[in-house]
Amino acid sequence: MSFAASLAQSIAGLNVAQQEAVNYLHGPCLVLAGAGSGKTRVITHKIGRLIQAGLKPEQVAAITFTNKAAAEMRERAKGLIGKSAQGVLICTFHALGVRMLRQDGAVLGLKPQFSILDSDDVTSILKDAGGSTDAATARQWQWTISLWKNQGLNAAQAEAQASDAQERALARIMARYEERLSAYQSVDFDDLIGLPLKLLRDHAEVRERWQTALRHVLVDEYQDTNATQYELLKLLVGERGRFTAVGDDDQSIYGWRGATLDNLKKLPEDFAALKVVKLEQNYRSTSAILRAANNVIGPNPKLYPKTLFSELGEGEPVRVIDCDNEEHEAERAVARIQSLRAGHGDSPHREWRDFAILYRANHQAKPFEKALRRAQIPYKVSGGQSFFDRAEVKDLCAWLRLMVNNDDDPAFMRAITSPKRGIGHATLAALGSFASSYKLSLFESLLSNSLGSVLSGKTLGSLQEFGRYVNDLEFRARHTVGAEPALTFLMDWLKDMGYEQHLYDAEDSEQVAAARWSNVIDFCEWMAQRCGGQIDDTAGVTTAAETKTLLEVVQTIALLSTISEREQDQNVVTLSTLHASKGLEWPHVVLAGCVEGLLPFKLDDEQGAGSDDLQLRLQEERRLMYVGITRAQRSLAVSWLRRRKKGRDYIAGVPSRFIAEMALDKSTVKEDPREKLRALRAEFAKRAAENEKTQADRPT
Ligand code: ATP
Ligand code: MG
């Protein structure tokens, strides 16, 4: 069948309201609907429909909330329209920002090789800018500055609207921070939205170019956009307003990071022609699960009243699992997974990928990881420590960043000390103050004739040696194209620096050093692959197949948070925070840690929070619970703890108020005792099979 015919058939499979949204091509459109009602599906189909209607793939952009969601959407779009999906710009707001700045940042004084700072870099620059040695204080500043930036405020505006002396002081630190960023030719994550916004707002010719280039912009998870993202969207689509936003106010869970539901309220005011489509059928969950979800969200004030029904049948009742403590909770979750996986009666055998364990906070993953390992069940943790947060990977990234952008001072500081090359703190401090008094980057200072007046000949020599080394590497990396040469370059370089030895010297345990070295190898292989000539989905951006130089690849890595983000569809159990589970679905879900203090998260500890604040936070926690419940397709269990750890102590656990709010049928909530028995049987069967195998493998 041709793609046109199969696309038409796919669209015919949508319900009437979905089709209405997909076929509305020439004006602003908002799809507002509850969880699992097929909003994301509308977006993928509409990408196809727009291209069928005559737009070139490059003229369509779809914005997702995470890189992972972008990768998934690209797959779906490819299934619908084939190869031309590769030309569609499917990415996050941040990745779109990178693209805009690389292309047009020069008008803002940004070199195309600018660096993107990660959160640790930002903390250390802020320490420096604010004259503090305390990381916790700097992180608090970081938090507030980020909120200001997301509200579209610059340092001067933040100072003008500051409510007390402390805020005014912080606004001045922000000003110094901004100065440093521009000196370093660096941007932080918030700038990836803020600067493109400035670009479009202040430069009409750039704005017109982008508005002509993008003829339709689709936005998923619209409820979690922040004020600057909305402004950026408005400038991208212009007055014609050819866009499609889909969202659910009941799933807005990033208020704490500056997302605002005002963006939903503003749409009809800002775009009078806005077409609003509501979807009411949930295609994901059974009625039992959906009822629990609707009951939980019930007490929240209604911005847009919605009804949601399912035709998937009543299904298994939602279970409540009482647990003694965290370890017990993990054991019971694992037993449940084993039992369901084995299948019985009319429920089929399941794959590991059909299961997810969701929780409120990252640290809750640990007991589950241990229990899953014990049971030899493969799993992945999403939203946990990212590969790129590992010290050894950050070292290498710093070197690579410095090659791309010599003025990247944070990268300079890291590279010059990893591995150590006999250049001490005093030297670096002297270099730093020289650089700031002459308004030069650290690297530029190395080239300055007057540096000799503040440093001894020997120290100066080793600094300049470092500078030459970086330039030399840069030259070679610029001319290294394709996977093989890139890997050779990287391995030669590491050998030359003695990086492996450096890891072994730095670690007491050989095992740890070996693990770190193996991360380094993984990283190099991964980088090399990206020079290769296949599809580039870095940072969620699709480009045509091509080979790249190593330096070009370096410019794209800052946005990817985990290598495994692209290892899709592994057959493993998912452990995930509720925040990271947004938009996803699994046949069987365990929602763990449903106790007061965890979910809802400690509402009472916040000092100085007024009761209005508390109400708002409770409402956001409730939406988080709603998101969690609605990830489940066929079965859902919520577990709570009689005793839970708090710091080093144990305290009594109180079942989450949300469990009561689910209004489950008392006679069915307790977990089916037969399930435990089935889990035991499954376990015995597995052991027996393993025994047999070891017997068989034994040499005779
Ligand atoms: P969320 O609010 O969680 O992001 P959503 O509204 O984006 O959910 P989707 O993920 O698009 O919902 O769809 C939920 C599930 O229902 C998916 O498995 C999807 O394939 C399926 N689905 C959506 N629309 C239809 C339809 N018209 N017919 C059959 N299945 C559908
Ligand atoms: Mg969705």
Side-chain angles (χ1 to χ4, degrees), residues 7-23 29-49 62-66 68-77 79-80 90 92 218-225 244-254 259 264 276-287 289-290 292-294 296-297 304 306-313 315 353-354 356 358 569 574 576 578-589 591 623-634 636:
L7 177 67
Q9 198 177 51
S10 280
I11 293 177
L14 299 176
N15 65 37
V16 176
Q18 285 176 313
Q19 287 186 27
E20 206 183 333
V22 167
N23 288 320
C29 178
L30 169 67
V31 179
L32 189 64
S37 58
K39 297 182 294 297
T40 302
R41 194 182 252 220
V42 163
I43 294 214
T44 40
H45 282 69
K46 194 157 182 177
I47 293 174
R49 180 73 184 88
I63 297 173
T64 58
F65 199 71
T66 60
K68 189 171 167 205
E72 216 165 279
M73 187 170 287
R74 203 168 304 121
E75 278 306 304
R76 298 260 162 88
L80 281 175
I90 302 180
T92 62
L218 304 112
V219 186
D220 200 1
E221 307 278 0
Y222 178 73
Q223 75 281 354
D224 279 321
T225 51
T244 303
V246 313
D248 177 6
D249 48 312
D250 289 332
Q251 293 185 70
S252 154
I253 54 176
Y254 282 89
L264 267 176
V276 180
V277 176
K278 297 196 171 182
L279 309 176
E280 303 196 320
Q281 178 160 1
N282 170 299
Y283 291 94
R284 179 180 293 147
S285 313
T286 62
S287 297
I289 293 168
L290 197 58
N294 285 336
V296 161
I297 204 64
Y304 301 97
K306 284 184 290 256
T307 43
L308 208 52
F309 67 93
S310 159
E311 286 182 350
L312 297 175
R353 68 164 71 83
D354 294 337
L358 308 179
D569 218 32
T574 300
S576 172
L578 287 164
H579 281 100
S581 76
K582 203 170 69 153
L584 307 176
E585 59 190 18
W586 294 269
H588 302 284
V589 171
L591 200 48
R623 292 193 291 267
L624 204 49
M625 181 77 179
Y626 175 76
V627 167
I629 297 171
T630 53
R631 298 310 97 198
Q633 296 173 302
R634 313 210 56 82
L636 173 69

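Every heavy atom of this structure was used, including side-chain atoms; hydrogens, water molecules and symmetry mates were not. As the structure lists them, so they are numbered: ligands from 1, and atoms in each ligand from 1.
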Heavy-atom pair with the smallest gap, counting every atom of [X] and [Y]:
{"X": "Ala632", "Y": "Leu636", "answer": "CB-CB, 4.0 Å"}
{"X": "Tyr304", "Y": "Asp249", "answer": "N-OD2, 3.5 Å"}
{"X": "Arg49", "Y": "Leu7", "answer": "N-CD2, 4.0 Å"}
{"X": "Ser310", "Y": "Ser287", "answer": "O-OG, 3.7 Å"}
{"X": "Leu308", "Y": "Leu279", "answer": "CD1-O, 4.3 Å"}
{"X": "Leu290", "Y": "Phe309", "answer": "CD2-C, 3.6 Å"}

Tell me which protein heavy atom sits closest to [atom], plus the residue, atom name and distance to 0.1 Å.
{"atom": "atom 4 (O) of ligand 1", "result": "Gly583 CA, 3.7 Å"}
{"atom": "atom 21 (C) of ligand 1", "result": "Tyr283 CB, 3.7 Å"}
{"atom": "atom 12 (O) of ligand 1", "result": "Gly38 N, 3.0 Å"}
{"atom": "atom 27 (N) of ligand 1", "result": "Gln18 OE1, 2.8 Å"}
{"atom": "atom 5 (P) of ligand 1", "result": "Lys39 N, 3.4 Å"}
{"atom": "atom 17 (C) of ligand 1", "result": "Glu585 OE2, 3.3 Å"}
{"atom": "atom 10 (O) of ligand 1", "result": "Arg284 NH2, 3.1 Å"}
{"atom": "atom 20 (O) of ligand 1", "result": "Arg41 NH2, 3.1 Å"}

If the threshold is 4.0 Å, N to carboxylate O, is there a salt bridge linking Asp224 and Lys582?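 Yes, Asp224 and Lys582 are salt-bridged.
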From the list Thr44, Ile47, Asp220, side chain to side chain contact (heavy atoms under 4.5 Å, CB included) with Ile90 holds only for Ile47
Whether [X] lies under 4.0 Å from ligand 1, heavy atom:
{"X": "Asp248", "answer": "no"}
{"X": "Leu14", "answer": "yes"}
{"X": "Arg631", "answer": "yes"}

Considering distance alone, does some N or O of Gln633 sit under 3.5 Å from an N or O of ligand 1? no
Compute the shortest N/O to N/O distance between Ala35 and ligand 1 and return yes if it is under 3.5 Å, no if not. no
Within 6.0 Å of CZ in Arg634, more than 12 heavy atoms from elsewhere: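 No, the 6.0 Å shell around CZ holds no more than 12 heavy atoms from other groups.
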Among Arg284, Arg631, Arg353, exactly one meets salt bridge (Lys or Arg N to Asp or Glu O under 4.0 Å) together with Glu585. Which residue is that? Arg284
Ligand 1 contact on Gln281 by region, counting heavy-atom pairs under 4.0 Å: neither
Location of contacts on Asn15 toward ligand 1, heavy atoms closer than 4.0 Å: backbone
